[in-house]
Amino acid sequence: MAQTKYLAHHFTDLEQQSESAKMGMWLFLLTEILLFGGVFVAYAIYRAWHPETFINAHRFLDVRLGTINTIVLIVSSLTIALAIRDMQLDRRKQCMRNLIITILLAGVFLVIKYFEYSHKFHVGMLPGKFYTFDGIEGTNPHIFFSIYFLLTGIHGLHIIIGMSLIAWMLLKVKKGHFSSNYFVPIEAVGLYWHLVDLIWIFLFPLLYLIG
Amino acid sequence: MENSSNHTNYLNATKGIWSWLTTVDHKRIGMMYLGFIIFSFMLGGFFAICVRLELFTPNGDLFKDGNQYNTFFTLHGIVMVFLFIIPSIPAAIGNFVLPQMVGALDVAFPRLNLLSFYIYLVGATLALAVLISGGVDTGWTFYTPYSSSIGGPVIATGLAVFILGFSSILTGLNFIVTIHKLRLPGITWFNMPLFLWGMYATSVIQVLATPVIGITMVLLVFERVAGVGIFDASMGGDPVLYQHFFWFYSHPAVYIMILPAMAIISELVATFSQKRIFGYKAIAYSSVAIALFSFLVWGHHMFTSGQSRFAALVFSFLTFFVAVPSAIKVFNWVATMYKGSISLKTPMMYALSFLSLFTIGGLTGLFLGTLATDIHLHDTYFVVAHFHYVMFGGTVIAFIGGLHYWWPKFTGKMFNEFWGQVGAWGVFIGFNLTFMPQFLAGFRGMPRRYYEYDPSFEIFNQLSTIGALTLAVSFTIVGINLLVSIFKGAKAPKNPWNSLSIEWQTESPPVTENYATTPDLTYGPYDYDKRQAARAEG
Ligand SMILES: [Cu+2]
């Protein structure tokens, strides 16, 4: 009986269970959007207050690396979607392969981010009072880097959380916890991962492509 | 009564402390929350008594200095708001009752429910660690630039608020999904107890607003650790932006605190009037309306912070607007009682207290929402009194009322009715004695949060302190009465209040899976008229 193996005792059937799980996940994603919303609001206000600073400062971000990272994340969204598809069709091996590729892509993103960060640390483009770089025209250039590090830092933390969740799913697939009858957790993690990608898709133009 | 004396129930189904710490039963989790919440209430009350004793005389003589006084009122605020009121009704009473009202075995995500309890414990422990290490003196509002520049464990306090917020989000999320997906067939949106509508609206705010206080606290931490400067005027930032962020959460948060209280009152008024609730849909929709409008009025905390005059006008208008759904509820409760067969049992006494105190609290809110009067009243004791009439006269009173109402279900024991009445009267009198003089002092210009004050305010402060002590004694009576009932109380029948809500169909205390048989849905939760008609016929 596939039903009883996966069904928690307080649900009447698998459909109710999976619908509940999905609704819970969507609500959680909503809270994530609101969490980022605060920093986006700060971005909007300070960009409105110091428009030239933002334009001058953004030239010091590496558009090339930013673009590569955007592509990396979009591809990783595709691979996790494929992993879910694989599980729907009971293709356990392919599912695991796609999850591994997703984790590797997330790793690539973080490595590239590391190089971007270390360059900025090196030249003193640091947030707030640690800002020592000289050469950006405009009022309060450190504010731009405060916002930059807050947005990309919190986003980076989400990438790390996402990687751990995907790794957890990988482990469960390996142990045979899922089948075409039951794969809601992978779907939920997939949703989370898409959101993390989506937030980057907003961050990228707002930070790298203004002016 | 009909129930056997020693049936297997959720309390004795499994034994040992470990079976409690690892439980996923919503009833046990609710009771564990209840224990810690009441502990927090006593702790916050202790700080309040200290503050009131200091203010008994105009001179600062009880505390070492003004800073210590500031620390005490800050701790009072943080403990009461974040550790007590916000989780009080939803996490303790709601956790227990909500799944039973939808006819479910548990909440949608039982393990998440337990997780939220442990997250609450971590946040509470952190907050208490702050307290032991000397405390903070920022007030519960943590306004920058003060909070980002002073010494003391502000970061730890901010993180504690962040963590507690996370616990609150998980509870809200769990409740929304439970109400949407786990209702028994036959329990429809407009045929479910109004308690559920209130909890639903609360949960929506918890899910939508709490992340914003989360990010605000994160930003405050970064402001202190990394000096990011976004709330620092000397670095091109804006301290008022902090206030916007803070109140974008904290105004809706006052509705996280009051909506559950309204949810309880709807149940108490209908049950103890034995009458169909008047204007079911109006009460249900006004809960949702309050939840939505609460996001649009945060600027009324900042009339004197230098926001634009136009913004202030809009916020003032919207503040008046948000009062409408609350007023609708009050009128509906009063109309429900009209020609009902009212029995003045202890829970109903609290419901009546709520009606009068909340009405005063709500109406004085309008004084503060009016631009011109707010300039005079801003940051005076008038604000303190208004806030306490809503939060204490509203939420705490409803919480204690609900606690008495569902106590037989929680514990299987009846409390002593006489001492229940004494407690209810004591709380009502003590409360008014504490906070009514604060309206007068505030109106005459006594500023809030002051360590020493002008001798002309002495009489108001002395009355207020006497009131606070009356409250302490009354709550002790309430607590002892409830505690004693566990050991000496009469066995509670299934349905001591003759309520139609389905949680009263199960045993007191309930079995682990809530219902031994599927609940009987012949009557809706407020079909008292139908039941009476049926009884008259048969
Ligand atoms: Cu407000």
Side-chain angles (χ1 to χ4, degrees), chain A residues 7-13 15-50 53-54 126-131 138-151 153-154 157 184 188, chain B residues 24-26 99 104-112 162 165-166 169-170 172-178 180-182 184-185 203-204 206-219 222-223 225-232 234-238 240-242 244-245 248-249 513-514:
Chain A
L7 187 65
H9 81 291
H10 61 293
F11 292 111
T12 40
D13 52 37
E15 195 197 340
Q16 190 190 34
Q17 176 168 328
S18 84
E19 275 186 11
S20 303
K22 274 186 217 160
M23 185 175 187
M25 198 59 204
W26 279 107
L27 285 168
F28 178 71
L29 296 184
L30 204 59
T31 69
E32 289 281 10
I33 292 171
L34 281 149
L35 185 87
F36 276 94
V39 197
F40 277 114
V41 167
Y43 170 92
I45 288 170
Y46 292 115
R47 187 173 166 189
W49 282 10
H50 313 288
T53 310
F54 268 60
L126 287 162
K129 67 179 179 198
F130 295 108
Y131 179 83
T139 45
N140 299 307
H142 55 262
I143 288 267
F144 178 83
F145 290 98
S146 294
I147 303 262
Y148 168 82
F149 279 107
L150 278 170
L151 275 173
I154 296 172
L157 187 67
V184 186
Chain B
V24 288
D25 182 353
H26 66 100
L105 303 182
D106 209 318
V107 290
F109 311 112
R111 274 183 297 176
L112 205 62
F162 180 88
F166 204 62
I169 288 176
L170 293 181
L173 191 152
N174 226 331
F175 285 1
I176 293 179
V177 177
T178 306
H180 265 277
K181 302 289 181 194
L182 293 189
L184 267 190
S203 303
V204 167
Q206 280 178 306
V207 167
L208 293 182
T210 318
V212 178
I213 190 85
I215 193 70
T216 309
M217 290 297 136
V218 168
L219 293 177
F222 275 100
E223 191 80 14
V225 178
V228 290
I230 58 176
F231 297 140
D232 185 347
S234 69
M235 296 180 77
D238 184 7
V240 178
L241 180 63
Y242 174 85
H244 279 290
F245 280 165
F248 185 83
Y249 165 74
E513 298 212 314
N514 288 340

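Chain letters run A, B, ... following the sequence lines, proteins first and then strands; every chain starts at 1. Just so it is clear, the model here is predicted, and its values are computed rather than measured. Side chains included, hydrogens not; waters and symmetry mates left out as well; all remaining heavy atoms used.
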> Would you mind checking which part of Glu223(B) comes under 4.5 Å of any heavy atom in chain A, side chain (CB onward), backbone (N, CA, C, O), both or neither?
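Neither the backbone nor the side chain of Glu223(B) comes within 4.5 Å of chain A.
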> For Ile33(A), which atoms come within 4.5 Å of any heavy atom of chain B: side chain, backbone, both, or neither?
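Contact with chain B involves no heavy atom of Ile33(A) at all.
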> Quick one: side chain to side chain contact (heavy atoms under 4.5 Å, CB included) partners of Val24(B), sequence neighbours excluded?
Pro110(B), Arg111(B)
> Run the side-chain contact (heavy atoms from CB on, under 4.5 Å) check on Val41(A) and His244(B) step by step: do they pass?
CA-CA 11 Å; Val41(A) 167; His244(B) 279 290; over 6 Å; no
> Starting from the C-alpha separation in whole Å, work towards a yes-or-no answer on side-chain contact (heavy atoms from CB on, under 4.5 Å) for Ile154(A) and Ile215(B).
CA-CA 10 Å; Ile154(A) 296 172; Ile215(B) 193 70; 3.7 Å; yes
> Which atom pair, heavy atoms only, marks the closest approach of Gln16(A) to Lys181(B)?
NE2-O, 2.8 Å
> So which heavy atom on Ile176(B) is nearest to which on Met23(A), and how close?
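Answer, listing the atom of Ile176(B) first, then Met23(A): CG2-CE, 3.9 Å.
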> Pick one of side chain, backbone, both or neither for Phe11(A), based on which atoms fall under 4.5 Å of a heavy atom in chain B.
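The side chain, not the backbone.
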> Which bit of Val225(B) comes within less than 4.5 Å of chain A, counting heavy atoms only: side chain, backbone, both or neither?
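Val225(B) touches chain A through backbone heavy atoms alone.
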> For the CG atom of Leu27(A) and the CG atom of Asn174(B), what is their distance to the nearest 0.5 Å?
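That separation rounds to 10.5 Å.
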> Would you find more than 12 non-hydrogen atoms of other residues, nucleotides or ligands less than 6.0 Å from Phe222(B) atom CZ?
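No, CZ of Phe222(B) has 12 or fewer neighbouring heavy atoms, counting only those of other groups under 6.0 Å.
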> Side chain to side chain donor-acceptor pair (under 3.5 Å): which pairs involve residues 23-45 of chain A, sequence neighbours left out?
Glu32(A)-His158(A), Tyr43(A)-Arg47(A)
> What closest approach, in Å, do Leu35(A) and Pro211(B) show between heavy atoms, and which atom pair accounts for it?
CD1-O, 3.6 Å
> Quick check on the interface: out of Gly37(A), Ala21(A), Gly24(A), Ala42(A), who has the most heavy-atom pairs with chain B under 4.5 Å?
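Option with the greatest count: Gly24(A).
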> Is His50(A) in contact with chain B via its backbone, its side chain, both, or neither, using a 4.5 Å heavy-atom distance?
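Looking at His50(A), just its side chain touches chain B.
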> Under a 4.5 Å heavy-atom cut-off, does chain A meet the side chain of His180(B), its backbone, both or neither?
side chain
> Below 4.5 Å from any heavy atom of chain A, which atoms of Ile169(B) appear? Answer side chain, backbone, both or neither.
side chain
> Which answer fits Leu30(A), side chain, backbone, both or neither, if we ask what part of it has an atom under 4.5 Å from a heavy atom of chain B?
side chain
> Looking at Phe149(A), I want to see if its CZ is surrounded by more than 12 non-hydrogen atoms of other residues, nucleotides or ligands under 6.0 Å.
yes
> Under 4.5 Å heavy-atom distance to chain A, tell me which part of Asp238(B) shows up: side chain, backbone, both or neither.
both
> Measuring from Phe109(B):CZ to Ser20(A):OG, what's the distance to the nearest 0.5 Å?
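Going from CZ on Phe109(B) over to OG on Ser20(A), the span is 5.5 Å.
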> Got Val107(B) and His10(A) here, is their nearest side-chain heavy-atom distance under 4.5 Å?
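A side-chain contact is absent here, since even the closest heavy-atom pair is not under 4.5 Å.
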> Relative to chain A, which segment of Leu219(B) carries a heavy atom at a distance below 4.5 Å: side chain, backbone, both, or neither?
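Only the side chain of Leu219(B) comes within 4.5 Å of chain A.
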> Please report the closest heavy-atom contact between Ile230(B) and Ile147(A), naming both atoms and the distance.
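Of all heavy-atom pairs spanning Ile230(B) and Ile147(A), the closest is CG2-CD1, 4.3 Å.
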> Does any non-hydrogen side-chain atom of Tyr46(A) lie less than 4.5 Å from one of Leu241(B)?
yes
> Output the distance between atom CG (Leu182(B)) and atom OG1 (Thr12(A)), rounded to the nearest 0.5 Å.
8.0 Å
> Working note: Met235(B) + Ile143(A), criterion side-chain contact (heavy atoms from CB on, under 4.5 Å); need CA distance, chi angles, decisive distance, verdict.
CA-CA 8 Å; Met235(B) 296 180 77; Ile143(A) 288 267; 5.5 Å; no
> How many angstroms lie between CG in Leu34(A) and CZ in Phe248(B), if you round to the nearest 0.5 Å?
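Interatomic distance, Leu34(A) CG to Phe248(B) CZ, rounded to 0.5 Å: 7.0 Å.
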> Tell me, side chain or backbone of Ile45(A) under 4.5 Å from chain B's heavy atoms, or both, or neither?
side chain
